[in-house]
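Just so you know, residue 1 is the first one in the sequence shown, and it goes up from there. Since the structure is predicted, the reported quantities are computational estimates derived from the model, not experimental observations. First listed ligand is number 1; within each ligand, the first listed atom is number 1.
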Amino acid sequence: MKAAVITRYGSPDVVRILDTPKPTPAADEVLIRVHAATVNRTDCGELRAHPFFTRVFYGLRRPKRRIFGLDFAGQVESVGARALAFKPGDRVFGMCPSRSNGAQAEYVCVPERVMAAMPTGARFDEAVLCEGAFYANAVLRKINLKHGHTILIYGASGAIGTAMVQLAKSSGAAVTAVVATQHLELVKSLGAHRAIDYTTEDFTRIGETFDFVVDAVGKTSFFRCRRLLKTGATFAATDLGPWGQNLALAMWSSMTRSKRVVLPAPRRINGFIVFLKSRMEAGEFRAIIDRKYPLAAIADAYRYVETGQKAGIVVIDVAALDERAHLA
Ligand SMILES: NC(=O)c1ccc[n+]([C@@H]2O[C@H](COP(=O)([O-])OP(=O)(O)OC[C@H]3O[C@@H](n4cnc5c(N)ncnc54)[C@H](OP(=O)(O)O)[C@@H]3O)[C@@H](O)[C@H]2O)c1
């Protein structure tokens with residue numbers, strides 16, 4: 001099969017399209033013919049092993065796995081002996097475990113617990129949205145967002161941000177989203193009650209306070225957002241923040257039981273894909289697709305995602321591989 005193979009850390013130049021053996025599913029796994037995958041910020045971090053300490057997880061000298069890519073959507077090709085939930089031909093989507101080979105390839109093997117049947121009526125490229133939603137959901141679960149709460153989401157235009165706006169809205173919270181000018185209409189269309197343009201207005205001086213403030217993109221800080229928090233309110237982040245301060249603040253909050261700063265780290269995918277499918281089928285969650293690239297041009301997708309300017313997701317159209325390779 002063709003796959004985007006990464007054998008050493010570096011820039012997107014190290015990503016190569018190579019022929020590699022088609023994987024065989026273990027007893028509890030399913031072999032999927034990938035139609036769509038993504039490149040996201042997690043892949044970019046793994047590519048460069050950034051921050052440096054992540055080498056402890058990714059591999060000290062070189063990546064432990066050779067194929068990246070967390071989100072997948074495609075069709076079941078075959079199933080392992082103990083995988084009973086799906087059959088060949090089923091249309092499925094989900095999220096690969098981060099320790100084994102990923103979906104930036106024509107085929108991937110995944111345990112059946114990390115996937116679900118495709119949401120009714122969705123195309124494959126509309127279903128590769130699990131990773132951003134997974135992190136967004138972890139934050140909202142951790143803060144226990146409920147109907148009637150108020151939440152300000154900073155950096156609401158990225159994969160995590162667009163997912164968080166939709167999931168927060170579907171929890172019944174009043175959402176204020178902070179984005180650049182070109183994304184104001186997008187976040188309103190996703191359900192934000194109010195959209196603030198961080199390029200023309202100081203979002204910390206809008207004269208309102210919130211139950212929760214979330215930095216969804218790692219570009220602000222607790223200290224900057226402090227005046228936006230009600231008494232006893234929580235600041236949450238998806239990123240370590242400047243000089244890793246969110247980690248230190250979250251540890252301090254945990255030790256003092258103040259819940260002032262939290263840095264949620266999601267663990268188990270189990271059950272989450274089925275939950276997301278239900279939100280999509282209820283019309284409360286959809287993919288925001290910024291760009292699409294064929295697998296042959298995946299290095300360009302990495303370059304674009306590394307700019308930190310994508311809105312929503314960047315899709316790899318794996319099914320277009322043969323066609324585009326032919327055109328090239
Ligand atoms: N907790 C975890 O395990 C985990 C997992 C994945 C990712 N992350 C981290 O979470 C963060 C978000 O990930 P993501 O995938 O959602 O990112 P992303 O999709 O790359 O987000 C990019 C978006 O952020 C906006 N943005 C850039 N600079 C901004 C600024 N100064 N203020 C407000 N918005 C800004 C960009 O639009 P404009 O430039 O037009 O404003 C763009 O729409 C990243 O820092 C990533 O490292 C954490």
Atoms in ligand 1 flagged as close to [X], the criterion being non-hydrogen separation under 4.0 Å:
X      : value
Gly308 : 22 (C), 23 (C), 24 (O), 27 (C), 36 (C), 42 (C)
Gly155 : 33 (C), 34 (N)
Tyr154 : 30 (C), 31 (N), 32 (N), 33 (C)
Gln182 : 40 (O)
Thr42  : 5 (C), 6 (C)
Glu131 : 6 (C)
Asp239 : 9 (C), 44 (C), 45 (O), 46 (C), 47 (O)
His183 : 37 (O), 40 (O), 43 (O)

Do me a favour and list the nearest non-hydrogen protein atom to [atom] with residue, atom name and distance?
atom                    : result
atom 44 (C) of ligand 1 : Arg41 NH2, 3.6 Å
atom 1 (N) of ligand 1  : Thr238 O, 2.9 Å
atom 28 (N) of ligand 1 : Lys219 CE, 3.7 Å
atom 25 (C) of ligand 1 : Ser157 OG, 3.6 Å
atom 3 (O) of ligand 1  : Tyr135 CE2, 3.1 Å
atom 38 (P) of ligand 1 : Tyr198 OH, 3.7 Å

Indicate, as side chain, backbone, both or neither, the part of [X] found under 4.0 angstrom from ligand 1 when only non-hydrogen atoms are considered.
X      : result
Lys310 : both
Ile160 : both
Ala265 : neither
Val217 : both

Look at atom 11 (C) of ligand 1 and find which of Ala216, Gly158, Ala159 reaches it with the closest heavy atom.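 It is Ala216 that holds the nearest heavy atom.
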
Pick one: which of Val213, Thr176, Val217, Val214 meets side chain to side chain contact (heavy atoms under 4.5 Å, CB included) with Tyr154?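 Among Val213, Thr176, Val217, Val214, the one that satisfies the side chain to side chain contact (heavy atoms under 4.5 Å, CB included) with Tyr154 is Val217.
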
Can the positive tip of Arg226 be found less than 6.0 Å from the middle of the six-membered ring of Phe235, inside 45° of the ring normal?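 Because its charged atom misses either the 6.0 Å distance or the 45° angle limit, Arg226 does not stack over Phe235.
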
Aromatic Phe210 / basic Arg194 pairing, under 6.0 angstrom, 45° off normal: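 No - Arg194 does not lie over the ring of Phe210 by the 6.0 Å and 45° rule.
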
Taking it one step at a time, do Thr204 and Arg227 satisfy side-chain hydrogen bond (donor to acceptor under 3.5 Å, both in side chains)? CA-CA 7 Å; Thr204 66; Arg227 69 168 72 96; 3.0 Å; yes

Ion pair check, Glu106 and Lys2, cut-off under 4.0 Å: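 The answer is no: the pair does not qualify as a salt bridge.
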
Ion pair present between Arg303 and Glu306, side-chain N to carboxylate O less than 4.0 angstrom?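 Glu306 and Arg303: not salt-bridged.
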
Answer yes or no for Val179: is there a heavy-atom contact with ligand 1 below 4.0 Å?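 Val179 does not count as a contact of ligand 1 under the 4.0 Å cut-off.
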
Let me confirm one number: the CD1-SG distance from Ile32 to Cys96, rounded to the nearest 0.5 Å.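 Between atom CD1 of Ile32 and atom SG of Cys96 there are 7.5 Å.
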
Exercise: identify the closest heavy-atom pair between Ser189 and Arg286: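 Reported closest heavy-atom pair: OG-NH2, 3.1 Å.
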
Identify the two heavy atoms, one from Asp239 and one from Asn246, that lie closest to each other, and give their separation to 0.1 Å.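 Looks like O-ND2, 2.9 Å.
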
Count I, L, V, M, F, W, Y as connected when their side-chain heavy atoms are under 4.5 Å apart, and connections chain through other members. Are Ile316 and Tyr302 then in the same cluster?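 Yes, it is one cluster - the side chains of Ile316 and Tyr302 are joined through contacts under 4.5 Å.
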
Is there a donor in the side chain of Glu131 and an acceptor in the side chain of Thr42, or the other way round, less than 3.5 Å apart?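 Result is yes, a qualifying pair exists.
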
Decide if atom NZ of Lys87 counts as having more than 12 heavy atoms of other residues, nucleotides or ligands within a radius under 6.0 Å.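 No - once you tally the heavy atoms of other residues, nucleotides and ligands closer than 6.0 Å, there are 12 at most.
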
